[in-house]
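Worth knowing before you read on, the calculation uses all heavy atoms, side chains too, and leaves out hydrogens, waters and symmetry mates. Every chain is numbered from 1, with letters handed out A, B, ... down the list of sequences.
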There are 2 protein chains.
Amino acid sequence: MDFGGKIGDDHSRTIIHVDLDCFYAQVEMLKNPDLKDKSFGIQQKNIVVTSNYKARDYGIKKCMLITEAKKLCPNLILVNGEDLHDYKQMSQKVTSVLQKFTSNVERLGLDENYLDITNLVRDKNNEDINPIGHIFGDTSELCDCGCTIRIKLGSIIAQDIRNELFTELGLTSCAGIAHNKLLAKIVGSTNKPNQQTITFPDSAVELMLGLPSVSNITGIGQVLSQQLAKLNIKTVEDLQNSDLNVLIGTLGIEKGKMVRDLSFGIDNSPVKPTGKPQSIGIEDSCKTITEKEVLEKLTTLLQRLLILVEEDGRIPKTIKLTVRKYDKNTKFSNRETRQCNISTTLFDPKKLSILSESNEKKLLSVIMRLFSKVVDTRKSYHITLLGLSFTKFIEQINKNSLAMFLAKKSDLEVQSITNLKNTQDKPPSPKCIPSTSTVNSDSEAEHEPLSKKHKLGLLSKKRPQFSDSDDCESPSKLRVAELKLSGDSQNICCPPNADEQVFQELPKDVQKELWEDYKQSRDQERNLYSQATKKSKPNSILNYFVKQ
Amino acid sequence: MDFGGKIGDDHSRTIIHVDLDCFYAQVEMLKNPDLKDKSFGIQQKNIVVTSNYKARDYGIKKCMLITEAKKLCPNLILVNGEDLHDYKQMSQKVTSVLQKFTSNVERLGLDENYLDITNLVRDKNNEDINPIGHIFGDTSELCDCGCTIRIKLGSIIAQDIRNELFTELGLTSCAGIAHNKLLAKIVGSTNKPNQQTITFPDSAVELMLGLPSVSNITGIGQVLSQQLAKLNIKTVEDLQNSDLNVLIGTLGIEKGKMVRDLSFGIDNSPVKPTGKPQSIGIEDSCKTITEKEVLEKLTTLLQRLLILVEEDGRIPKTIKLTVRKYDKNTKFSNRETRQCNISTTLFDPKKLSILSESNEKKLLSVIMRLFSKVVDTRKSYHITLLGLSFTKFIEQINKNSLAMFLAKKSDLEVQSITNLKNTQDKPPSPKCIPSTSTVNSDSEAEHEPLSKKHKLGLLSKKRPQFSDSDDCESPSKLRVAELKLSGDSQNICCPPNADEQVFQELPKDVQKELWEDYKQSRDQERNLYSQATKKSKPNSILNYFVKQ
DNA sequence: AGGACCC
DNA sequence: TAGGGTCCT
DNA sequence: AGGACCC
DNA sequence: TAGGGTCCT
Ligand SMILES: Nc1ccn([C@H]2C[C@H](O)[C@@H](COP(=O)(O)OP(=O)(O)OP(=O)(O)O)O2)c(=O)n1
Ligand SMILES: Nc1ccn([C@H]2C[C@H](O)[C@@H](COP(=O)(O)OP(=O)(O)OP(=O)(O)O)O2)c(=O)n1
Ligand SMILES: Nc1ccn([C@H]2C[C@H](O)[C@@H](COP(=O)(O)OP(=O)(O)OP(=O)(O)O)O2)c(=O)n1
Ligand SMILES: Nc1ccn([C@H]2C[C@H](O)[C@@H](COP(=O)(O)OP(=O)(O)OP(=O)(O)O)O2)c(=O)n1
Ligand SMILES: [Mg+2]
Ligand SMILES: [Mg+2]
Ligand SMILES: [Mg+2]
Ligand SMILES: [Mg+2]
Ligand SMILES: [Mg+2]
Ligand SMILES: [Mg+2]
Ligand SMILES: [Mg+2]
Ligand SMILES: [Mg+2]
């Protein structure tokens with residue numbers, strides 16, 4: 001079943017992975033353009049969580065200690081990024097832009113998205129085209145199953161997408177295009193920032209072998225890496241050459257097979273459309289606070305959380321408290337959580353962010369009750385982190401969620417915003433389109449080709465404006481392009497409650513039949529019965545229960 | 001917020017609870033009618049899990065030890081009931097019958113179902129009617145919010161339902177009708193077997209006070225009972241008179257409020273439509289088996305399990321092993337479980353119950369690997385129970401599940417099978433209709449008014465046949481009855497992905513708008529883009545990864 | 001993965 | 001205590 | 001409720 | 001190490 005890892009490698013899909021450049025830093029530069037020509041980092045307590053590319057020239061790394069960063073770059077400017085509110089907001093805008101291309105968009109963290117664009121590039125049978133951007137690997141022998149042209153077409157869509165992110169939101173990004181998620185993500189990281197790269201299935205092994213260690217493979221984390229290290233498997237090559245039975249022996253059949261497949265660049269995991277969040281939470285670490293400070297902190301956290309809830313729009317059903325206690329031998333993360341359901345009536349559906357005074361007291365008392373389950377409040381205690389999050393929400397059925405639903409079901413719907421003239425005949429105008437093919441991997445790549453009038457105020461509600469006389473065509477006018485999808489199943493949707501992924505894999509005629517069945521069926525109201533006149537006598541007596 | 005427990009008691013719904021009489025025993029009597037005039041129990045290892053009502057006359061209780069049962073009734077016949085296959089099959093048939101009345105049917109165990117029949121009795125504005133069956137409580141002062149007539153109408157539907165269960169499946173049952181699940185279930189148990197009982201909101205407190213102890217309240221189990229006992233709360237009256245703040249103090253706000261509400265008969269929990277099972281499992285206890293017997297047992301369990309899977313029709317994604325080790329101080333149940341995902345390709349979609357030889361070996365090896373995670377197989381061990389279950393399944397989108405889906409969405413659709421003449425003008429013919437009003441609570445109530453020709457062979461595929469000349473009208477000819485529902489929203493369905501319960505609570509016009517929106521929206525295929533010709537140069541070099 | 005609940 | 005299930009933590 | 005994974 | 005998230009056990 002498993003010869004060298006090549007068996008079972010599905011070439012049928014085309015996936016784009018989009019990763020924003022130094023995301024938090026970009027958002028801060030949009031908020032304060034003065035930062036653009038300076039080296040700065042985003043500070044969260046003791047660490048620089050990310051930095052702009054100018055700062056990276058000094059050797060600043062993500063999640064570096066402030067002290068170390070300052071050693072490398074004494075003039076480093078620090079911008080506080082402990083409140084993720086603005087980043088989350090921008091992140092959602094990014095995903096919304098991507099969802100205009102396909103509804104099958106999966107988020108990963110705040111700055112990454114996978115798009116399954118198979119439907120957008122399928123069955124074109126086109127003449128060969130030149131892809132946009134970088135190509136990883138050898139191109140002398142390419143697979144002829146159809147994946148090659150699809151991936152090349154994918155590079156055009158990726159350019160579209162990145163253009164749109166830039167013109168609509170002012171954000172630069174990287175993209176990777178491949179036949180699976182793993183490869184798309186990894187290949188996209190080979191040319192940063194503000195570039196895009198494709199790779200074809202035959203280069204997968206080479207791509208994977210370029211990774212420094214197995215832990216660089218998405219899905220292989222600390223624990224798995226350590227387990228593999230015990231088997232003397234440290235590099236991707238080690239993993240490729242490992243004995244599958246040995247892997248299965250210690251990792252189980254599931255992880256064993258998966259991990260080895262990954263080392264060959266094989267990854268059949270689907271792009272799973274990300275819906276509304278499963279949880280909304282905030283946390284704040286602190287230097288060992290005691291006793292009554294806890295209530296204050298929690299009150300503040302709750303206020304902030306409620307704003308996020310209001311932006312989300314759903315009423316939460318469950319609250320969870322996270323506590324980290326001071327612990328000298330802090331090897332393991334030692335967080336503890338308690339959760340409980342909350343009354344949905346605590347919230348005013350018209351204004352989720354503001355609780356009545358009494359409801360706020362109630363919620364806070366619920367929270368403190370959770371706290372007393374974690375901490376023996378009779379003794380003294382030292383807390384180093386408090387978190388609050390809501391999980392589970394009342395399902396919304398408003399216009400918005402209905403629209404969301406419709407978007408999900410119409411997976412074949414796509415809007416292409418490619419400016420064909422630009423991408424075909426001449427290099428993209430630096431005024432509206434992030435450069436790609438002319439960019440090298442050196443640090444000069446970081447320029448942002450924004451016109452002055454294109455300053456996007458993050459805090460202003462308006463979208464960027466374009467003058468008609470600009471030499472860049474308006475990207476907001478969506479174009480219906482010329483290539484037609486073959487195999488279009490017009491007006492066929494995945495019936496509700498049906499698994500969309502499964503549905504998409506069904507033969508077209510079966511899809512059609514299922515959809516027609518669904519449409520035709522309508523409730524017959526037969527819910528009728530007649531009066532009855534039969535008498536019956538009331539029951540009596542205490543302890544009337546038939547025992548057993 | 002909480003004065004005596006009366007606040008927040010929602011009278012708007014009408015709920016029927018159906019509970020089959022001595023369920024396993026009834027099924028065995030259908031399989032072997034010779035048992036009908038004998039006292040017998042259903043044996044599972046050392047216990048009598050249930051018995052027919054003839055046996056109960058001797059004092060046999062559910063879950064009684066065999067030894068004790070034999071003392072009470074030395075001639076007790078024992079029928080082995082360790083394999084639940086036939087009971088599960090019949091249970092599903094019961095639920096299917098009930099789903100003809102409303103799609104909102106919630107299962108509880110194998111022999112109980114709740115039906116929310118609000119839509120079937122709503123807004124009738126009818127003249128008063130006489131309810132069918134018993135009435136619990138005082139009827140001199142009844143609530144005039146509309147709940148009274150709805151509950152009375154509910155008794156007619158309950159009779160319909162019980163008739164249908166008897167004529168279609170040969171099963172007798174009890175029903176309780178009230179404005180919430182708690183009361184419906186409890187009031188139904190006041191007259192057993194083969195009877196039905198209604199109660200009105202004003203009798204709720206009296207009904208609850210008739211329960212011997214708080215543990216008789218559904219939702220209050222061993223742990224909660226013990227916690228309450230520590231607070232000196234043992235009877236329902238104790239609970240009603242308890243201090244809510246004290247309850248909240250030890251149980252938390254959630255459980256505290258709920259438990260006290262329950263003691264007053266307040267229960268706003270919705271009837272949640274039961275879909276396909278979340279898990280399918282079997283287990284077998286044994287007298288401390290060792291070493292290699294385990295593989296044999298597991299092999300047999302797997303064979304049996306696969307038959308259930310085939311009957312379910314979905315391909316499982318996860319397997320779970322349960323192990324109970326021998327433990328002298330067996331105070332707590334000490335089961336341990338391990339689970340893992342399994343390859344969906346192990347199964348032949350055409351024949352789920354039969355694995356290829358190599359796939360069976362693979363699955364068994366997966367199972368044994370799970371076993372070795374629980375048990376240190378190097379030492380000797382003593383296992384007293386092995387269980388295997390599948391959890392998580394590939395979502396089906398076949399004709400069956402589509403039909404299921406359609407049934408769910410057409411919640412207003414109902415088929416009434418009432419023989420109006422029978423219920424209105426004369427006592428039900430004992431030949432087809434389970435007696436109700438003529439039945440007393442004595443042991444004579446257990447008769448089954450089946451004609452000889454009405455023997456239902458559980459193992460025969462045929463439904464019971466009725467001769468045309470029978471004095472009972474064919475129950476399989478569904479009748480459209482005379483009472484029309486007001487407020488019918490014809491052809492309005494709950495849009496997919498929308499919470500049906502929420503949807504049902506929306507104003508009719510909003511429901512209509514949402515449904516119309518959904519229907520009108522159709523995908524616009526705009527998924528088109530053009531070729532691009534832009535050149536780009538292939539990338540190069542090993543260890544090309546932009547670090548960080 | 002275990003716990004509490006239900007039949 | 002059998003031999004099933006559900007949802008929560 | 002905690003664990004492993006991702007950013 | 002911050003301050004978020006996801007799904008599994
Ligand atoms: N362990 C981490 C990793 C990242 N982030 C945040 C900060 C980043 O800005 C953002 C995106 O993560 P990336 O790894 O994509 O990093 P950047 O986008 O900042 O930089 P790059 O240009 O390398 O993608 O998530 C974080 O909070 N904690
Ligand atoms: N702890 C329990 C309780 C019940 N059952 C099984 C045997 C019963 O036949 C069936 C239904 O449970 P009931 O409590 O409804 O009992 P019966 O239907 O047997 O009797 P009754 O007529 O009292 O409802 O479930 C079980 O296996 N374990
Ligand atoms: N065996 C059970 C099943 C349910 N409930 C009660 C308590 C739960 O709080 C409530 C919620 O049931 P849901 O099915 O709605 O589950 P969730 O609370 O998880 O909501 P969601 O469906 O949004 O996940 O039902 C219970 O007490 N015991
Ligand atoms: N953080 C994550 C999320 C998912 N997965 C992988 C492993 C899971 O086995 C697989 C399944 O994802 P699903 O969302 O399909 O979840 P389930 O396996 O629970 O299926 P179901 O949706 O039927 O519950 O995804 C992972 O490794 N890490
Ligand atoms: Mg990233
Ligand atoms: Mg990034
Ligand atoms: Mg990793
Ligand atoms: Mg029962
Ligand atoms: Mg019963
Ligand atoms: Mg109880
Ligand atoms: Mg368990
Ligand atoms: Mg946790």
* To do: Please state whether the phosphate of dG3(C), meaning OP1 or OP2, lies under 4.0 angstrom from any side-chain nitrogen or oxygen of R335(B).
  => no

* **Separation of the C1' atoms in dC8(F) and dG2(C), to the nearest angstrom** => 14 Å

* Structure fact -> Quick note, S279(B) side chain, CB onward, closest among dA2(D), dG3(F), dG5(D) is dG5(D)

* To do: Tell me whether the OP1 or OP2 atom of dG5(D) has a side-chain N or O from K88(B) closer than 4.0 Å.
  => yes

* In whole angstrom, what separates L182(B)'s CG from dC7(C)'s C1'? -> 16 Å

* Asked: What is the nucleic acid contact for G219(A), judged by heavy atoms within less than 4.0 Å: base, sugar-phosphate only, or nothing?
  -> sugar-phosphate

* To do: Tell me what Q43(B) touches on the nucleic acid: a base, only sugar-phosphate, or nothing, going by heavy atoms under 4.0 Å.
  => nothing

* Asked: So, is K392(B) close to the dC8(F) phosphate, meaning a side-chain N or O under 4.0 Å from OP1 or OP2?
  -> yes

* Asked: Should K45(B) be listed as having a side-chain N or O under 4.0 Å from OP1 or OP2 of dT1(D)?
  -> no

* Starting at atom CD of Q339(B), determine the distance to atom C1' of dG3(E), rounded to an integer number of angstrom. => 13 Å

* Sugar-phosphate only, base, or nothing, as touched by G281(B) at under 4.0 Å among non-hydrogen atoms -> sugar-phosphate

* To do: Pick base, sugar-phosphate or nothing for I220(A), based on heavy-atom distances below 4.0 Å to the nucleic acid.
  => sugar-phosphate

* Can you check the E112(A) CD to dG4(F) P distance for me, whole Å? -> 18 Å

* Do S91(A) and R107(A) get their side chains close enough for a donor-acceptor pair, meaning under 3.5 Å? -> yes

* Asked: From dA2(F), dG4(F), dG4(D), pick the nucleotide closest to the side chain of R304(A)?
  -> dG4(F)

* Asked: So what does L301(B) hit on the nucleic acid, given a heavy-atom distance under 4.0 Å: a base, only sugar-phosphate, or nothing?
  -> nothing

* To do: State whether a side-chain donor-acceptor pair under 3.5 Å links E28(B) with Y87(B).
  => yes

* **For E283(A), the option from R324(A), R335(A), K320(A) that meets salt bridge (Lys or Arg N to Asp or Glu O under 4.0 Å)** => R335(A)

* NA contact type, E82(B), heavy-atom cut-off 4.0 Å: base, sugar-phosphate, or nothing? -> sugar-phosphate

* Do the side-chain N or O atoms of K185(B) get closer than 4.0 angstrom to the phosphate oxygens (OP1, OP2) of dC7(C)? -> yes

* Comparing K287(B) and L308(B) on DNA chain D - which has the more 5′ nearest nucleotide -> K287(B)

* Taking only the side-chain nitrogens and oxygens of S285(A), find out if one of them lies under 4.0 Å from OP1 or OP2 of dG3(F). => yes

* Structure fact -> Among the nucleotides dC6(E), dT1(F), dG2(E), whichever has the atom closest to the side chain of L108(A) is dC6(E)

* To do: Give one of base, sugar-phosphate or nothing for I217(B), where a contact means two heavy atoms less than 4.0 Å apart.
  => sugar-phosphate

* Hey, is the side chain of R107(B) poking within less than 4.0 Å of OP1 or OP2 on dC7(C), counting only N and O atoms? -> no

* Can we say K325(B) and E336(B) salt-bridge, meaning some charged N sits less than 4.0 Å from an Asp/Glu carboxylate O? -> yes

* Asked: OP1, OP2 of dG2(E) versus side-chain N and O of T337(A): anything below 4.0 Å?
  -> yes

* To do: Compute whether any side-chain donor of one residue and acceptor of the other, for R56(B) and T50(B), lie under 3.5 angstrom apart.
  => yes

* **Nearest-angstrom distance from the residue atom CD of Q278(B) to P of dG5(D)** => 12 Å

* Structure fact -> Nearest-nucleotide check on DNA chain D, P277(B) vs Y24(B); residue mapping nearer the 5' end is Y24(B)

* Asked: Taking a pair as Watson-Crick or G-U wobble with both distances under 3.5 Å, which nucleotide is matched to dC7(F)?
  -> dG3(E)

* **Distance, rounded to the nearest Å, where F23(B) contributes CZ and dC7(C) contributes C1'** => 11 Å

* Atom-to-atom span, CG of L251(B) to C1' of dG3(C) - whole angstrom -> 16 Å

* Using a 4.0 Å heavy-atom cut-off across all strands, classify L385(B) as base, sugar-phosphate, or nothing. => nothing

* Asked: Can you check the K272(A) NZ to dC5(E) P distance for me, whole Å?
  -> 16 Å

* Asked: Of all heavy-atom pairs between Q278(B) and F393(B), which one has the smallest distance, and what is that distance?
  -> O-CE1, 3.8 Å

* **Any T218(B) side-chain N or O less than 4.0 Å from OP1/OP2 of dC5(C)** => no

* Structure fact -> For G81(A) and I42(A) the tightest heavy-atom approach is CA-CG2, 3.6 Å

* Counting only side-chain N and O atoms of R324(B), is one of them less than 4.0 Å from OP1 or OP2 of dA2(D)? -> yes

* To do: Could you pull out the closest heavy-atom pair between S225(B) and S215(B), with the gap in Å?
  => OG-CB, 3.3 Å

* Structure fact -> When rounded to whole Å, the CG to C1' distance for the pair D86(A) and dG3(F) reads 14 Å

* Determine the contact category for D284(B): base if any of its heavy atoms lies under 4.0 Å from a base atom, sugar-phosphate if only primed atoms, P, OP1 or OP2 are that close, otherwise nothing. => sugar-phosphate

